[in-house]
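Remarks on the structure that follows.
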2 protein chains.
Amino acid sequence: MSDTDRSSLVAPAPAEAAAYVRDAHERRAFCTLLGRCHVAYDGRTTSHAGPADRLVALKPDLTLLVHAADGPKPQNWLAADALDVDVEDGSLLLTATRESPTEELRVTFESIEQAAAMAADETDATVEISGTEADLKERVLADPALVEPGFRALAAERDTPAGPVDVFGRDSSGRAVAVELKATRAGPDAASQLSRYVDALRRDLHADADVRGILVAPSCTPRTRRVLARDGHEFVSLEP
Amino acid sequence: MSDTDRSSLVAPAPAEAAAYVRDAHERRAFCTLLGRCHVAYDGRTTSHAGPADRLVALKPDLTLLVHAADGPKPQNWLAADALDVDVEDGSLLLTATRESPTEELRVTFESIEQAAAMAADETDATVEISGTEADLKERVLADPALVEPGFRALAAERDTPAGPVDVFGRDSSGRAVAVELKATRAGPDAASQLSRYVDALRRDLHADADVRGILVAPSCTPRTRRVLARDGHEFVSLEP
DNA sequence: CGTTAAATGTCGTCC
DNA sequence: GGACGACGTTTAACG
């Protein structure tokens with residue numbers, strides 16, 4: 001890596017910044033720009049944001065992110081498959097594009113305070129996560145009595161015409177049970193999902209088969225309770 | 001702003017970087033760090049990611065973002081309400097914390113290639129977006145015949161015990177109609193939502209009132225079609 | 001502060 | 001490549 005590569009730029013001229021970003025792009029490096037810019041997006045929706053100080057980040061995979069001062073979400077972003085770096089009317093202009101869906105993100109800088117870049121290594125640093133719905137499923141399969149005494153888990157991801165049921169089993173009296181799992185507080189969608197699965201199982205297992213539905217989650221909202229009650233299903237509180 | 005404030009750092013020592021980040025934090029500036037680090041999160045779940053080259057960004061509102069080389073989403077993030085900047089065992093350590101919910105994000109740098117910062121102005125640069133569900137609603141209210149000839153829109157966001165119906169109206173023969181809008185391709189949840197509203201309206205308007213349900217979206221998935229058919233509802237294709 | 005529904009959601013997985 | 005459901009979803013609107 002040359003000395004130039006290792007340097008960042010302070011208050012660069014647009015042409016200098018353009019060369020820097022192009023170089024970063026070619027090296028598949030991270031690149032950050034801090035400065036005043038305005039932003040236009042056109043694709044799934046259309047948006048425009050006026051001039052303000054922002055953080056613009058270009059990632060090795062051509063993801064372009066535009067962050068304003070507030071909030072964890074970027075104001076605009078694009079997982080692009082092409083990037084143009086130009087100087088227009090004396091301003092640095094980044095144009096990121098993507099096909100399928102057709103999208104375009106344009107960032108125009110009025111001024112640039114800082115530019116930095118770093119070539120990324122090839123290390124695959126996957127994130128290990130625990131405490132998810134998959135963990136809750138493992139818990140239930142390992143100890144089905146957590147759902148209710150006498151419950152036997154017979155299958156995970158059991159297929160139905162309405163989609164896979166998280167856990168399928170039978171209660172102590174032999175009745176079929178569909179279990180829908182949520183790792184976080186459950187909303188009405190979870191209850192609707194459970195109803196679809198139970199209906200499908202009733203048809204699948206044979207006419208008027210007796211199928212119970214149980215929603216398992218740390219908690220659920222009141223409206224979810226009402227949907228469950230309306231459809232004759234139950235709720236069991238369980239942490240992942 | 002002093003000369004030091006305007007400078008970025010190239011390959012700084014941990015203590016130097018720590019002072020730089022603390023200063024940025026105090027000035028409520030954007031700050032970016034490019035370097036090799038590992039990351040640990042504990043809160044809603046627990047996660048850990050081993051050493052790799054990453055982009056770490058600190059925003060004026062104390063949002064901490066950790067980006068790996070791929071993908072538009074940060075690998076880890078935290079909308080923090082406190083940040084500690086320390087040097088431990090010769091490494092820069094950022095510890096962002098939040099209460100309610102209790103969360104912690106720790107970033108430990110093995111090496112730092114670049115650090116940059118920029119104080120943010122106070123400009124409130126809101127993003128103007130069009131092509132959303134709100135736009136689709138305006139379209140339907142302005143020209144209800146887009147839903148079907150003779151349709152009259154009587155209310156937007158009409159309240160029901162199951163929540164507000166996007167558009168409520170009557171068809172050419174006077175039958176009540178609930179319209180559920182989606183700006184993008186609709187999935188099964190949209191059909192379930194519609195069913196809940198129609199059921200609530202039937203009870204609300206009087207026993208066995210005749211209420212039609214129409215899902216309006218650019219398109220919908222096959223399973224969504226089946227849910228609509230099962231519940232006797234309809235689909236109308238319309239762009240926002 | 002809790003609940004609810006939208007989102008340029010994004011991401012993995014399976015077909 | 002589409003469909004489907006999870007996600008540390010985040011965010012805005014409303015009571």
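Below, chains carry the letters A, B, ... as their sequence lines are ordered, and counting in each starts from 1.
B:N76 and B:S47 share a donor-acceptor pair across their side chains, judged by distance under 3.5 Å alone. B:D204 and B:T160 are not linked by any side-chain donor-acceptor pair at a separation below 3.5 angstrom, with hydrogens and angles left out of the test. Counting only N and O atoms by type, the side chains of A:T224 and A:T221 include a donor and acceptor under 3.5 Å apart. A donor-acceptor pair shorter than 3.5 Å can be found between the side chains of A:D135 and A:T132.
Atom P of nucleotide C:dC11 and atom CD1 of A:I129 are separated by 12 Å, given to the nearest angstrom. We find that CD of B:E103 is positioned 12 Å from C1' of D:dT9, with the value rounded to whole Å. Rounded to whole Å, the distance from CG on B:D135 to C1' on C:dT8 is 13 Å. Taking atom CG of residue A:D189 and atom C1' of nucleotide D:dA6, one finds them 12 Å apart after rounding to whole Å. Look at CG on A:L136: it is 18 Å from P on D:dG5, rounded to the nearest Å. If you measure from atom CG of B:L65 to atom C1' of D:dG8, you get 14 Å, rounded to the nearest angstrom. Across the protein-nucleic acid pair, A:K137 atom NZ and D:dC7 atom C1' stand 15 Å apart, rounded to whole Å. Between A:E99 atom CD and C:dT8 atom P the separation is 22 Å, expressed in whole Å.
For B:D166, the side-chain atoms get nearest to C:dA6 when compared with the rest of C:dT3, C:dA6, C:dA7. Closest to the side chain of A:Q193, from the set C:dG9, C:dA6, D:dG5, is D:dG5. Across D:dG8, D:dT9, C:dA7, the shortest atom-to-atom separation from the side chain of B:T45 is found for D:dG8.
Distances shorter than 4.0 Å separate none of the side-chain N or O atoms of B:T132 from OP1 or OP2 on C:dA6. At C:dG2, none of the side-chain N or O atoms of A:R185 fall inside 4.0 Å of OP1 or OP2 (strictly under the cut-off). The side chain of A:W77 contributes no N or O atom lying less than 4.0 Å from OP1 or OP2 of C:dG9. Residue B:R44 places at least one side-chain N or O closer than 4.0 Å to OP1 or OP2 of D:dT10. At C:dT3, none of the side-chain N or O atoms of A:R223 fall inside 4.0 Å of OP1 or OP2 (strictly under the cut-off). For D:dG5, the OP1/OP2 oxygens have a side-chain nitrogen or oxygen of A:Y197 closer than 4.0 Å. Residue B:T184 places no side-chain N or O under 4.0 Å from the OP1 or OP2 atom of C:dT8.
Residue whose closest nucleotide on DNA chain C sits further toward the 5' end, between B:G71 and A:L105: A:L105. Mapped onto DNA chain D by nearest heavy atom, B:Q75 and B:P188 fall at different nucleotides, with B:P188 at the one closer to the 5' end. Of the residues near DNA chain C, B:K73 and B:K182, the one whose nearest nucleotide (by heavy atom distance) lies more toward the 5' end is B:K182. Taking for each of A:S100 and A:L181 the nucleotide of DNA chain D with the nearest heavy atom, the 5'-most of the two is the partner of A:S100.
Residue contacts shown for B:E157 are absent, as no nucleic acid heavy atom lies under 4.0 Å away. Using a 4.0 Å heavy-atom cutoff across all strands shown, B:E180 reaches sugar-phosphate atoms only and no base atom. Within 4.0 Å (heavy atoms only), B:L78 reaches at least one base atom of the nucleic acid. Within the nucleic acid shown, B:A162 comes within 4.0 Å of sugar-phosphate atoms alone, with no base atom in reach, counting heavy atoms only. If you check every strand for non-hydrogen atoms under 4.0 Å, B:R196 touches sugar and phosphate atoms only.
C:dA5 and D:dG8 have their P atoms separated by 22 Å, given to the nearest Å. For the C1' atom pair drawn from D:dC7 and C:dA6, the interatomic distance equals 16 Å after rounding to whole Å. Comparing the P positions of C:dC11 and D:dT11 gives an interatomic distance of 16 Å, to the nearest angstrom.
No donor-acceptor contact under 3.5 Å links the side chain of A:E133 to the base of D:dG5. A donor-acceptor contact under 3.5 Å links the side chain of B:N76 to the base of D:dG8.
Pairing for D:dG8 is absent, with no Watson-Crick or G-U wobble pair whose two atom distances lie under 3.5 Å.
Judged purely by atom type and a 3.5 angstrom limit, A:D42 has no side-chain atom pairing as donor or acceptor with the backbone of A:E104.
For the pair A:E148 and A:R212, the salt-bridge criterion is met [side-chain N within less than 4.0 Å of a carboxylate O].
The closest side-chain heavy-atom distance from A:R230 to A:R225 is not below 4.5 Å.
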